[in-house]
There are 2 protein chains.
Amino acid sequence: MTMVRNTRQRQAVLEVLRTTRTHPDAAWIHQAVRQALPSISLGTVYRTLDALVRDGVAVTIERAGQATRYDFRRDDHHHHAVCRRCGAIFDIEVRDVPQLPRSALPGGFQVADVRLEFHGFCLACQDKPEPSGPGG
Amino acid sequence: MTMVRNTRQRQAVLEVLRTTRTHPDAAWIHQAVRQALPSISLGTVYRTLDALVRDGVAVTIERAGQATRYDFRRDDHHHHAVCRRCGAIFDIEVRDVPQLPRSALPGGFQVADVRLEFHGFCLACQDKPEPSGPGG
DNA sequence: ATTCGTGCAAAGGGTTTGCATTGTT
DNA sequence: AACAATGCAAACCCTTTGCACGAAT
């Protein structure tokens with residue numbers, strides 16, 4: 001059967017995730033874990049995070065061309081607002097999501113994670129000029 | 001001011017998006033557009049898609065390590081179910097999203113796109129074994 | 001003792017970007 | 001004529017992977 005070993009690396013990554021209230025990416029987590037476990041590699045961090053996501057312990061927030069951000073899944077069911085410009089991620093308390101019409105899901109679809117994401121522009125970024133094309 | 005030029009490339013990409021009911025990635029769109037405009041480059045496809053997303057004409061579905069999928073935004077407000085294993089994307093009709101508590105958003109946050117995504121496993125993938133770690 | 005997990009480093013793949021050129025306005 | 005958009009190809013960055021070694025069970 002599946003043997004998930006309780007390694008120091010796994011514990012350390014989980015601990016960092018647990019005690020972090022921001023939404024860090026793998027590199028940030030790697031640096032943080034290094035403080036307790038200097039020799040841990042980035043590859044192991046990725047592998048551990050993958051496992052945590054598979055196990056439902058963590059969820060991801062993904063943006064094209066950006067590093068995946070990880071979020072420890074607490075009992076509160078919160079969701080996210082994501083700033084398109086600066087990438088800031090805000091937690092939003094939403095309790096109504098379970099009411100959403102899952103009946104519309106394709107037959108037999110097994111839901112592992114419901115994501116409600118508001119994408120847009122945070123207050124601080126609304127006045128900033130577009131980080132536009134080649135011209136600059 | 002913003003000068004969005006109406007180039008052949010832009011029209012062709014838009015046309016492909018408009019007439020495609022699946023959720024293609026940039027490479028697929030590139031190949032499709034090539035049939036009408038053989039010389040178009042992948043870079044231009046990316047730039048055009050970015051612009052269409054900025055303009056709200058298209059939306060993205062993003063998965064870590066996977067190519068971004070694009071979806072032409074029709075008037076119906078549908079959302080997506082994403083299979084974690086095979087990457088299949090299913091459309092879901094959901095009309096209740098506007099009722100969701102935007103009041104919980106951070107002050108001044110300007111919403112450009114509301115995404116409701118059900119991540120999990122489609123029927124066809126539920127029996128498949130895990131594509132697990134290094135061991136195979 | 002077994003075998004999964006790790007570290008390392010290279011490879012992989014999607015996306016972006018600089019620059020000269022083309023083509024819209 | 002002006003300058004945004006394109007094509008090309010290299011660069012970027014995040015993520016994955018092969019392999020030999022180390023460590024948990």
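Each chain gets a letter, A, B and so on, in the order its sequence line appears, and its residues count up from 1. All values reported here derive from a predicted model rather than from experimental measurement.
- Residue A:Gln9 has no polar side-chain atom (N or O) positioned under 4.0 Å from OP1 or OP2 of D:dA23.
- Salt bridge present: B:Arg115 and B:Asp113 bring a charged side-chain N and a carboxylate O closer than 4.0 Å.
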Take B:His78 and B:Asp71 through the test side chain to side chain donor-acceptor pair (under 3.5 Å) and record every step on the way to the result. CA-CA 10 Å; B:His78 73 268; B:Asp71 196 11; 2.9 Å; yes
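- OP1 and OP2 of C:dT16 both lie 4.0 Å or more from every side-chain N or O belonging to B:Tyr46.
- As a whole-Å value, the separation of B:Asp50 CG from D:dA4 C1' is 16 Å.
- Near DNA chain D, defined here as any heavy-atom distance below 4.0 Å, the residues from residues 25-42 of chain B are B:Ser39, B:Ile40, B:Ser41, listed numerically.
- Distance CD/B:Gln110 to CG/B:Leu105: 11.5 Å, rounded to 0.5 Å.
- Between B:Arg10 and B:Gly65, it is B:Arg10 whose nearest contact on DNA chain D lies nearer the 5' terminus.
- Nearest heavy atom pair, residue B:Arg74 against residue B:Leu17, reads NH2-O, 4.1 Å.
- Rounded to an integer number of Å, the gap from B:Leu49 CG to D:dA5 P is 15 Å.
- Remark: side-chain polar atoms of A:Arg85 are paired, donor with acceptor, to backbone N or O of A:Cys125 under 3.5 angstrom.
- Here the straight-line distance linking atom CZ of A:Arg18 with atom CD of A:Glu15 works out to 6.0 Å at 0.5 Å rounding.
- Checking the phosphate oxygens (OP1, OP2) of C:dG13, no side-chain nitrogen or oxygen of B:Gln66 falls inside 4.0 Å.
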I'd like a table of atom pairs between the protein and nucleotides 22-24 of chain C - only N or O on both sides, under 3.5 Å - with the distance next to each one.
| residue | atom | partner | partner atom | Å |
| --- | --- | --- | --- | --- |
| C:dG23 | N2 | B:Arg5 | NH1 | 2.4 |
| C:dT24 | OP1 | B:Arg8 | NH2 | 2.9 |
| C:dT24 | O2 | B:Arg5 | NH1 | 3.2 |

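- The residues A:Arg84 and B:Asp50 are annotated as not salt-bridged, no charged nitrogen and carboxylate oxygen being separated by less than 4.0 angstrom.
- Side-chain polar atoms of A:His79 and A:Asp91 form no donor-acceptor pair below 3.5 angstrom.
- Straight-line distance from the CD atom of B:Glu62 to the P atom of D:dC14: 15 Å, rounded to whole Å.
- Nearest-nucleotide mapping onto DNA chain C: of B:Thr68 and A:Thr44, the residue sitting toward the 5' end is A:Thr44.
- For A:Arg47 and C:dG7, a side-chain-to-base donor-acceptor distance below 3.5 Å is present, hydrogens and geometry of angles not being considered.
- Note that the OG1 atom of B:Thr60 and the NE2 atom of B:His80 stand 10.0 Å from one another [nearest 0.5 Å].
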